[in-house]
Amino acid sequence: MKDFINLEFPSKSSYESFARATVGAFAARLDPTIEELSDIKTAVSEAVTNAVVHGYRGKEGMIYITCALEGRELTVEVTDQGSGIRDVEEARQPLFTTKPEEERSGMGFTIMETFMDSLTVDSAPEKGTKVVMKKVLSTMEA
Amino acid sequence: MDMTLTEHHKTLVVKIIGELDHHYATRIRETIDIEIKDKDIRLLIFDLSALEFMDSSGIGVIMGRLRLMKQQGGKVCVAGAKDSLNKIICLSGLSGLIGIYHSVEEAMKGGQVA
């Protein structure tokens, strides 16, 4: 049977730290390096923050995370049922932000892409957004 | 997240302890901005030596303060960031815009406004 966990929590910013810590604890089963663990937590934090800030825009909603392990590959899916993204390609551009007044740096997707091995973003306006990130963790040398 | 602010001769050292994410960004931003304006700060040093985690919200906080400090003719530095934070600082391009130092002492010497 596959190793996986499902989390669901309200779209409140106070859950951002809970989400990354939980995914980090799950990934810790593979004995990641400190850098790998930090990369995973940062990427999860960006995805969850996007769901809170852009997906639900301060409104109440639920955020769902599924994490799975297959061999040394970690898959993290972060899903919201919020406002969605009209143009995913545009949103993925470095420094693109719809909220400069809130000092969003526009780096969220760039960080997810850089810190994980792969990133796919599936989104439809008024339906929501699903972000899938994968990372293969290094094998510890004896 | 916890923070301490120390002001001395128009230099403000902001030590952020724990984790800096979107949840805490507003509080940090507002606290620093009041201090910068009230005390006519010329050098703002972010002491990140006790910061364990920072995401792009932290980059937003630093970028925003840089904008504010430039308006007042001041400078911004980052000191003591751990390796994991340096990665995001480099990726953001911040390292080309502000001084990055190993310690607050170095930042004080290097960041002095003539």
(request) Is it possible for you to say whether B:Ile34 and B:Leu68 belong to one hydrophobic cluster, with membership spreading through side-chain heavy-atom contacts below 4.5 Å? (result) no

(request) Would you kindly confirm whether A:Val44 and A:Phe109 end up in one hydrophobic cluster when ILVMFWY residues are joined by side chain heavy atoms under 4.5 Å apart? (result) yes

(request) Measure the spacing between CD of B:Glu19 and CZ of A:Arg20 and express it to the nearest 0.5 Å. (result) 4.5 Å

(message) If the contact rule is any heavy atom under 4.5 Å from chain B, which residues of residues 60-71 of chain A qualify, in numerical order?
(response) none

(request) State the OH-OG distance between B:Tyr24 and A:Ser13, to the nearest 0.5 angstrom. (result) 8.5 Å

(message) Take a 6.0 Å sphere around NZ of A:Lys12 and say whether it holds more than 12 heavy atoms from other residues, nucleotides or ligands.
(response) no

(message) Would you compute the distance between atom NZ of A:Lys41 and atom CD of B:Glu52 and round it to the nearest 0.5 angstrom?
(response) 9.0 Å

(message) Distance check, rounded to the nearest 0.5 Å: A:Glu46 atom CD versus B:Ile88 atom CD1?
(response) 5.5 Å

(message) One pair to check against side chain to side chain contact (heavy atoms under 4.5 Å, CB included): B:His22 and A:Arg104. What are the steps and the verdict?
(response) CA-CA 9 Å; B:His22 157 247; A:Arg104 305 302 313 157; 3.9 Å; yes

(message) Does A:Lys130 have more than 12 heavy atoms from other residues, nucleotides or ligands lying within 6.0 Å of its NZ?
(response) no

(message) Non-hydrogen contacts under 4.5 angstrom with chain B: give the residues of residues 49-58 of chain A involved, or none if there are none.
(response) A:Thr49, A:Val52, A:Val53

(message) Using the rule that Ile, Leu, Val, Met, Phe, Trp and Tyr join whenever any side-chain heavy atoms are under 4.5 Å apart, tell me whether B:Ile89 and B:Val13 fall into a single cluster.
(response) no

(message) Looking at A:Lys99, I want to see if its NZ is surrounded by more than 12 non-hydrogen atoms of other residues, nucleotides or ligands under 6.0 Å.
(response) yes

Quiz: residues 21-29 of chain A side-chain donor-acceptor pairs under 3.5 angstrom, not counting sequence neighbours:
from: A:Thr22; atom 1: OG1; to: A:Phe18; atom 2: O; distance (Å): 2.6
from: A:Arg29; atom 1: NH2; to: A:Asp3; atom 2: OD1; distance (Å): 3.2

(message) Among A:Thr110, A:Ile34, A:Asp39, which residue has the highest count of heavy-atom pairs closer than 4.5 Å to chain B?
(response) A:Asp39

(message) I need the minimum non-hydrogen distance between A:Ser17 and B:Asp21, along with the two atoms involved.
(response) N-OD2, 3.9 Å

(message) Which residues in residues 113-123 of chain A have any heavy atom closer than 4.5 Å to a heavy atom of chain B?
(response) A:Thr114, A:Phe115

(message) Working to the nearest 0.5 angstrom, can you tell me the gap between A:Thr42 OG1 and B:Leu91 CG?
(response) 10.5 Å

(request) Identify whether B:Val61 and B:Leu12 are in the same connected component of the hydrophobic contact network (ILVMFWY, side-chain heavy atoms under 4.5 Å). (result) yes

(request) Establish whether B:Ile16 and B:Met69 are linked, either directly or via other cluster members, by ILVMFWY side-chain heavy-atom contacts under 4.5 Å. (result) yes

(request) Return the option, out of B:Gly60, B:Ser84, B:Gly93, with the maximum number of heavy-atom pairs under 4.5 Å with chain A. (result) B:Gly60

(message) Working to the nearest 0.5 angstrom, can you tell me the gap between A:Ser45 OG and B:Asp55 CG?
(response) 3.5 Å

(request) Answer yes or no: are there more than 12 heavy-atom neighbours, outside B:Asp40 itself, under 6.0 Å from its atom CG? (result) yes

(message) Tell me the closest heavy-atom pair linking A:Glu16 and B:His23, and the distance in Å.
(response) OE1-N, 3.1 Å

(message) For a quick test of reading the model, state the closest non-hydrogen atom pair linking B:Ser56 to A:Gly108 and the distance between them.
(response) OG-N, 4.4 Å

(request) For residues A:Met107 and B:Ser92, report the shortest heavy-atom separation together with the two atoms involved. (result) SD-CB, 3.4 Å

(request) Can you tell which part of B:Leu85 gets under 4.5 Å to a heavy atom of chain A, answering side chain, backbone, both or neither? (result) neither

